[in-house]
Structures are given as structure tokens and as C-alpha cells.
Peer 1: 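I'd like to ask some things about the structure below.
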Amino acid sequence: MQYNPQKVEKKIQKLWEKEKIWKVNLSKPKKPYYNLMMFPYPSAEGLHVGNVYAFTGSDIHGRFKRMQGYDVFEPMGFDAFGIHSENFAIKQGIHPSILIKRNVNNFRRQLKRMGAIFAWENEVDTTHPSYYKWTQWLFLQLYKAGLAYRAKAPVDWCPSCKTVLANEQVINGKCERCDTEVIQKEMEQWFFGITKYADKLLKNLEWIDWSERTKIAQRNWIGKSEGLIEKWKVGGLNLTLETFTTWPHTTYGATFLAIAPEHPIIEKLIKGTKVEEGARKFIEGVRREKLKDTASIERKKKGFFVGWNAMNFLTGEEIPIYIANFVVMGYGTGIIKGAPAHDQRDFEFAKQYKLPIILVVRPKGNNLTVDKLKEAYIGPGVMTEATGKFAGMSDNKARNAVAEHSIELKHAKKVVQYHLRDWLISRQRYWGPPIPIIYCKECGTVPVPEKDLPVKLPYVKDFRPRGKGVSPLASVPSFVKTKCPKCKREAERETDVSDTFLDSAWYFLRYPSSGDVKKPFDRRLTKKWLPVDMYIGGQEHAVLHLLYSRFTTMVLHKLGYIDFEEPFKKFRAHGLLTKGGAKMSKSRGNVVNPDEYFDKYGADTVRMYLMFLGPLSEAGDWSDQGIVGIRRFLNRLWEYAETFSKKPKTKNDELEQIRHKTIKKVTLDLENLRYNTAIAALMEYLNAISAKDSVLKKDLNTLLILLSPFAPYIGEELWGRLKNQGSIHNQKWPEYDSFLVKDVQSRLVLQVNGKVRDVVEVSPDITESEAKQLALDSEKIKKWVGGKKPKRVVVVQGRLVNIVV
RNA sequence: CGACGAGUGGCGGAAUGGUUUACGCAACGGACUUAAAAUCCGUGACUCGCAAGAGUUUGUGGGUUCGAGUCCCACCUCGUCGACCA
């Protein structure tokens, strides 16, 4: 019979389902191993090869661990709330609740086809009330802990779609859907105080076992910098402006202050003054310009003098206060001191407005002066005569010394600044879990009592965003009108829903307890299974999802619900699968649907092909080019196994060694997620087996076992055809004999002056002097040495001799 | 502009500081076939040479080393992410 993947896969799937082969005893595991992968968002297009790539990489790991004797829990679920689904639903004119059900079913079908060991009994769907009840519960815990608060914040607004957009929906300052320029609006929003955990989030990175580049990305995102808040008195007003700096010593050269156009303090400076109108015009102009080209940093530096001066507390000079287009509201205090000689932006600004430039640091042994300055000097050096008693000190020392001085003057304090901002979780949208808050005229903001959860998302026929900056839920009176839980009087519900990232920030806690209706997660089960042993996922979630998950875990730990601080013991980022060298995306039209390839080649081939492209951490480029190579390999294996019973069976020492070497290679490669080279080793092993006239059944069985994590269907089928008992997936992972793995013969490379001149076969245990002698005796070497006396002979045990003449 | 990653045959990629190109794809030659597909066997960078052989070659240029694809410095190109972060 010929290898027919469709038939084999169908048959084996039935077998697995009937025998419930992947079932783990969640309450009584012997060696629990939680193997997690990032659950997909079930798009209407269906499973993406990128998903298949990631899940295969993770599933191979799970299967490998399972065969090593672990009780592997490998759950799967659907991250189905969110703006993506909602937008698609709007486009299609189908209600998201219907659409999502359909998509989920399609995804489940495709995922089953992939042949992974998913624990479907523990499937999770974030849009189901039994799930989001606990997402709301989580919100309440954060609220109680003082970590959820409401504040005014600028949001992106699309005037054409009349809706608030998520940050991810704003592409180059334009609406993702209609290409209209977005504008900023100030609105009341709910935030989570993630910045309170900035330090812990940073510190724990030191010990968690994660891909280095993911840790670097988080470190950069958290962006800790230590510096100084400096205070500047505004002359003529009872007002102090605060700036943040990491270069306190350049304050001697500060010749202006600049405020971000969005800064609320501007009101106090301009209200009722004769520049008020001009200032407002300027701010409006900047806003408009920003919308035009958010991507450009070449934008001309522009400012508006507010009519007030501040005093430089180090020099006593009066310096002007500007509103400036290049100052960012979201970082530091939103106000900066301008030290033009030592910051390129400040330099350009000063030139533009003919402000004084004072040199504070000069390169050592150089007589640099201001008039020679073509651009800001940011290199090291010594303090100049402009810095009073600090003149002559190195800039490095002066940094601290001047800071201390400013602190003594009571004009500064040390602060730690983070790039990380609090997590904005409000969405004025429909498709998400309602935020469980009630507003009462008497009692104010009241959280929904836990016993009243879930706050069900009502069915709204017209679920499109409304355009007044409120969620569609606001137009459902039966939802909005409620009773205050405290005073029982008329009250109104919060109509915003929460960010999708909140759904995924705790799903790993839900999986083991997915059926529990009384609590979000069972303490006993959680203790057994968490934290997650291995999490494999995309680098694109390096900051958002992974950071949020760590944050919620830390909070739950602090509140005493769980006894660990970090959710994922091990995290490995896989690479990005591209097509034609570019990221697959709907807009590029280069998304590959795996169904076609499942049909044509079979799931085993698709799995192996994807893994063969390159190391999991690097991914690769999808093309149909090489996929036949894998299919041919599986065909050859099939054919070989079919005729195997007729072949003579005798032990072969050489093959036995190859077997042990292959076990070693594949085992190590699996441990390091180097699946591409493991597959190469399996191919070499099959080549070696088929070259022999006589092979033991053990040789072939070993190949099947080693192959089975990669190609589970054909592995199972051939295992049965060879009349082996039970499922191949219940076999023990083979071990290698470290004695047998050793080579009897090894190649000794002989070099003269670093160039290879001869290669000889030797025993790997050859001594240094033997190797040296062998090299000197070689005719080829003699020719190159030419009778000269070697200056030096380098010997690498059993590998190489290099003669230097 | 910045952070991170990557540049090795025609292509995807192998390679504890020690024979560059494992494994696979494509190509070419052959076998089988009426023929094709499939399958099997074989060939494999460049330059010089009839050959034996010699030389060159891991984006570019330097450096460290007996020896560099691998380590260090500078530059170029591509990819991902972030945008004036004081």
C-alpha cells in the first residue's frame, strides 16, 4: 500500500479520540508539565500558517516531554474578544457572537487536523460569560487593591468612523479602516497601575529563564532611568515648573524651558494674558502638524514664547519659557530645560530662536568654543569656566556633584523615571467584557459585588460604535439603568468594556480549572500545575501580553491568591514566518492558509516542513519549494517499513552506533528547540538504515519513536503496521549509551601555517606526541615544511595538528 | 533616528575558535519507461591547469589568534519593533 496521508490521518485521529490518549489526570499528576502556547485570535480567514508554525514548535516540545515521562498538559483556547473580530463583524454585517462561534468551530477543526496533543476538555473561550465573569472578577481585585483608577487621558479618535481607536488601530496617524487622520480627545478612562510594579517587573527579569531578546525588549520598554527633577520659579507668578533630566550638570547651560503643547500647566501661564490667543493657535497648529506626519523626526523645531521667564537657579539668569513642538507630554514631567550646547534638539531650537548657547562640557585638551559649535556636543570632557566651582572637573564626576549641589539649593530631587505608563484598559466598544462598575449619584463609583458577576454583555443588534465617544452599550437603557449596590437607588453602569489584553493576561490560570463555576482558579490545581513550565510564543508579544501577564500574576500573588510571582518559568520566542521576505498580512495579500497544504501533503509533512525551514527562534520564509523534500522522506520511510518484514534481521555494529548517535543528536536538538537539525539527523539515519542489507527491528522502531513528535500520524500508523503493541506516543523516549556514541576512528587534520595539508584517520585517544610525530612523518606535510625547523607545533587532542614554520 | 536580530553555494540552511557548505530544494548526467510522472544511482562554489595540484571564497574594511563564518572595532545592506524619552 502506498502512503496516503489523508487516510492515515483520519484513521489515527479516530483512534486517538477513542482512546483519549492525551488525557492527563489534572488532580493527581505524577510529574506535571504545563506546556503553553499563545492561544489564537480566531479570525474569519481561519488558521494562519504562522499559527501552525508556532503551535507545531510547541507541540513537538510537549510530545517530547510526554515521552520523557511527564504528564503534559497542553491546553488550547480562543482569544475571541476584541476590536479585530468586531471590525470584521461590522464589515460583514454579522453579529460578532455569531461570527465568532463560526470562526471558533473552523479553527477547532483546523487545529485538530494539525495533530497536536491539545487538552480539548479544558478549552477556554474568552467571550463566554463563564470566562469573562472572572475577567471582571480580576478587575474588581485590582480595584480593591487600589490598582484600578479612573482618570482623564488623551485617546485617538477617528472623525470619520466616529469612534475611539485602539492604539494598534492607528497606523501612521491614520485610521486603520478608513485612512482618515485621527485626532486626540481627552476622555475619562480606566487605568491599571502597572507602573507601581515597574521595579519588580524589571528585577525579576534577572532570574526568569526567558529568551534573552525578549527580556531586553521588556527592559527597554520599562525603560528605567535615574535622574533629577529640577524646580524652576517663574518670575512674577507664584508658580514652579518641574523638569526631568539625566544630565544635571548641563543645567549651567540651560537657557530656556520648553513645555509640551498638551501640558495642562500652560493654562496657568497664558490665561488672561495678551498671548493667550496666539498660544492657543500655536498649540492647535502643532496638534494638526503632528497628525500629518507622526513618523517624521525631521520636523522643524518650533516654539511659542509664553511671555514669562524662569530663573536658572545655578546661574541666576532669567530664561524664557516656551511651548515647544518637540517636547513629549508622556515622558518625564512634560517640561524640559533647554541646554542647547549639549542636546541636538535644544541646539536646533536655540538657533531657530536666537537663544544663547552656553558651553558646559568641552572635550579634554581641546579649546572648543560656542562659535565653533556646528552641532550639540554630547561626548565626554571637562567642565568649562561657565560652571563656577565645577570648572575643570570631568563631566562624569560633575554629573553627580552638580546634582548634589542643586539638591542642597533645594531646587532638585532625585527620581527614578520609567518609560512604562499605566495600562489604559477602557475601550468604548462593544465586543469585550463590560467593566464591572456602577456610578451612583449618592455613593459615587461603586464596584459591582462579586456575587452579581458576570455583568453580561447584552445582545445589541446595532453593535457599531456610536460616535459620541461612548460604547454602544450606552444606548441600551436596560443595561445602563441599574440599582446602586450600596444604597439601592437608581444608578448607571459603566458602559466601556475592557481591553482584550486583560482577557489574555490571566488565561493560563484558567486552563487547569476551566470547568470551575465557583472560582476563577482552583488553589489545589493551580499549585500542582503553575507556574507554566514552558511557554513558546511570538516575539511580537514581548512587551504587551507578556508584560501584562506578569503584572496580573504579581498582583494576584500580592493579594494572596497564588504563591508565585512569575507566571512563566521558561519562555522561548519563536521567529516570524514570512512570505516572500515580508510579514504575512491581509493587506499584503500574502497570508497562507494551511488547509490547502494539509490536503495536498498531509499534516505530518506540513509540520515537518515548517520545522525544517530553520531554527525555531529564527523562523524563515514560507515557499512551496522545499515541501516535497519532506514528503519524499516520509514516502521513503513508508516504503521501507512496508517491505521491512521480508528483510533479514541481524545485528550491525556500525548501525548500532549510528542509532545511538542519532538518539543523542535528536534528544539534544529537541531540548534546544533546534528542530531543523534534528530532522536532518532523522533523514541521515533513514539513509543509513536503507543502505544496510540487514537491520534489526529496534533500529527502525527507534527511528519511528524519534520521529513521532514531529510526524505523529505516520509514526503511529507505522508503529502499528510493524505489529508493535500500544500507541507509539506512550513509548519511552530512547536513551543513548555514551560509550557507544564515541567514535572508534577520528580524522586528524594536519595543517602547516594554518592551512590544511593532510588528513589522517587515527584513534580518538591518540596522544599529543603521537599526533605530532604522525604529522611530522606525513609526506605531504614534509613537502610543505620543506625541511625547515618548526617554530611551533599546536596540537588539539584527537582533532588537529598545526605546524608553524 | 533608535533598540533588537540577520547577512555562508542558484535557494532554505549546517558548522564546541580547528577540513566551510551537513540535511534538503532546484539544476545537470544516467538507469527504468513507448513516453512522461514517480522512483533509483551519480555530479556539485570560483579562478588557473590536460592532469596531479595550487590559489581565492562566509556583506565590506581593519584587529586579536598558530588558526576566525564564529571573538573585538568601524562601515554597508535587509528584517522586526518603537518613534523627538530630555
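Letters go in sequence order (proteins before strands), and every chain restarts at 1.
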Peer 1: Taking OP1 and OP2 of B:U39, is either one under 4.0 Å from a side-chain nitrogen or oxygen of A:Arg632?
Peer 2: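 For B:U39, OP1/OP2 do have a side-chain N/O of A:Arg632 under 4.0 Å.
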Peer 1: Classify the side chain of A:Glu618 versus the base of B:G13 as yes if they form a donor-acceptor pair under 3.5 Å and no if they do not.
Peer 2: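 Not at all, since no donor on one side and acceptor on the other fall under 3.5 Å apart.
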Peer 1: Have a look at A:Trp784 and say if it touches a base, only the backbone sugar-phosphate, or nothing, with a 4.0 Å heavy-atom cut-off.
Peer 2: sugar-phosphate
Peer 1: Do any of residues 798-805 of chain A sit with a heavy atom less than 4.0 Å from RNA chain B, and if so which?
Peer 2: A:Arg799, A:Leu800, A:Asn802, A:Val804
Peer 1: Stems involving RNA chain B: give each as a range paired with a range, ordered by first number, where a stem means at least three consecutive Watson-Crick or G-U wobble pairs under 3.5 Å.
Peer 2: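 Looking at RNA chain B, the stems formed by three or more consecutive pairs are B:1-7 with B:76-82, B:10-12 with B:23-25, B:27-31 with B:39-43, B:45-48 with B:53-56, B:59-63 with B:71-75.
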Peer 1: In whole Å, measure the gap between the C1' atoms of B:G69 and B:U21 for me.
Peer 2: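 The answer is 11 Å between these two C1' atoms.
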Peer 1: Please state the C1' separation for the pair B:A74 and B:U64 - nearest whole angstrom.
Peer 2: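 Their C1' atoms lie roughly 15 Å apart.
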Peer 1: Below 3.5 Å, can you tabulate the donor-acceptor pairs from side chains in residues 756-764 of chain A to any protein atom, sequence neighbours excluded?
Peer 2:
{"from": "A:Asp758", "atom 1": "OD2", "to": "A:Ser778", "atom 2": "OG", "distance (Å)": "2.9"}
{"from": "A:Glu761", "atom 1": "OE2", "to": "A:Arg747", "atom 2": "NE", "distance (Å)": "3.4"}
{"from": "A:Ser763", "atom 1": "OG", "to": "A:Asp765", "atom 2": "N", "distance (Å)": "3.1"}

Peer 1: Does B:U56 have its OP1 or OP2 closer than 4.0 Å to a side-chain nitrogen or oxygen of A:Lys755?
Peer 2: yes
Peer 1: Give a yes/no verdict on a cation-pi contact between A:Arg550 and A:Trp210, requiring under 6.0 Å between NZ or CZ and the six-membered ring centre and an angle within 45° of the axis.
Peer 2: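 The answer is yes; both the distance and angle limits are met.
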Peer 1: A:Asn753 near the nucleic acid: base, sugar-phosphate alone, or nothing, with a heavy-atom cut-off under 4.0 Å?
Peer 2: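 If one applies the 4.0 Å heavy-atom cut-off, A:Asn753 turns out to touch nothing in the nucleic acid.
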Peer 1: Within the structure, does a side-chain N or O atom of A:Arg674 lie under 4.0 Å from either OP1 or OP2 of B:C23?
Peer 2: no
Peer 1: On RNA chain B, does the nearest nucleotide to A:Lys665 precede the nearest nucleotide to A:Arg636 from the 5' side, or the other way round? Give the residue.
Peer 2: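 First, find each residue's nearest nucleotide; the 5'-ward one identifies A:Lys665.
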Peer 1: Quick check on RNA chain B: between A:Leu613 and A:Asn635, whose nearest nucleotide comes earlier from the 5' end?
Peer 2: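 Looking at RNA chain B, the more 5' nearest nucleotide goes with A:Leu613.
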Peer 1: So if I apply the side chain to side chain contact (heavy atoms under 4.5 Å, CB included) rule between A:Ile229 and each of A:Thr333, A:Thr243, A:Thr245, which one comes out positive?
Peer 2: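 That would be A:Thr333.
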Peer 1: Taking only Lys NZ, Arg NE, NH1 and NH2, and the carboxylate oxygens of Asp or Glu, determine whether A:Asp669 and A:Lys665 approach each other closer than 4.0 Å.
Peer 2: yes
Peer 1: Provide the distance between the two C1' atoms, one in B:C11 and one in B:G18, to the nearest whole Å.
Peer 2: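 29 Å, rounded to whole Å.
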Peer 1: Considering just the side-chain nitrogens and oxygens of A:Asn676, establish if one lies under 4.0 Å of OP1 or OP2 belonging to B:G24.
Peer 2: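 For B:G24, OP1/OP2 do not have a side-chain N/O of A:Asn676 under 4.0 Å.
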Peer 1: Would you say A:Arg345 reaches B:C85's phosphate, i.e. side-chain N/O to OP1/OP2 under 4.0 Å?
Peer 2: yes
Peer 1: So what does A:Ile336 touch, heavy atoms closer than 4.0 Å: a base, only the sugar-phosphate, or nothing?
Peer 2: base
Peer 1: Does a side-chain N or O of A:Arg213 approach OP1 or OP2 of B:G5 to a distance below 4.0 Å, or not?
Peer 2: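 Checking B:G5 against A:Arg213, no side-chain N or O comes under 4.0 Å of OP1 or OP2.
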Peer 1: In whole Å, measure the gap between the P atoms of B:U20 and B:A68 for me.
Peer 2: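 Between the two P atoms, the distance is 11 Å.
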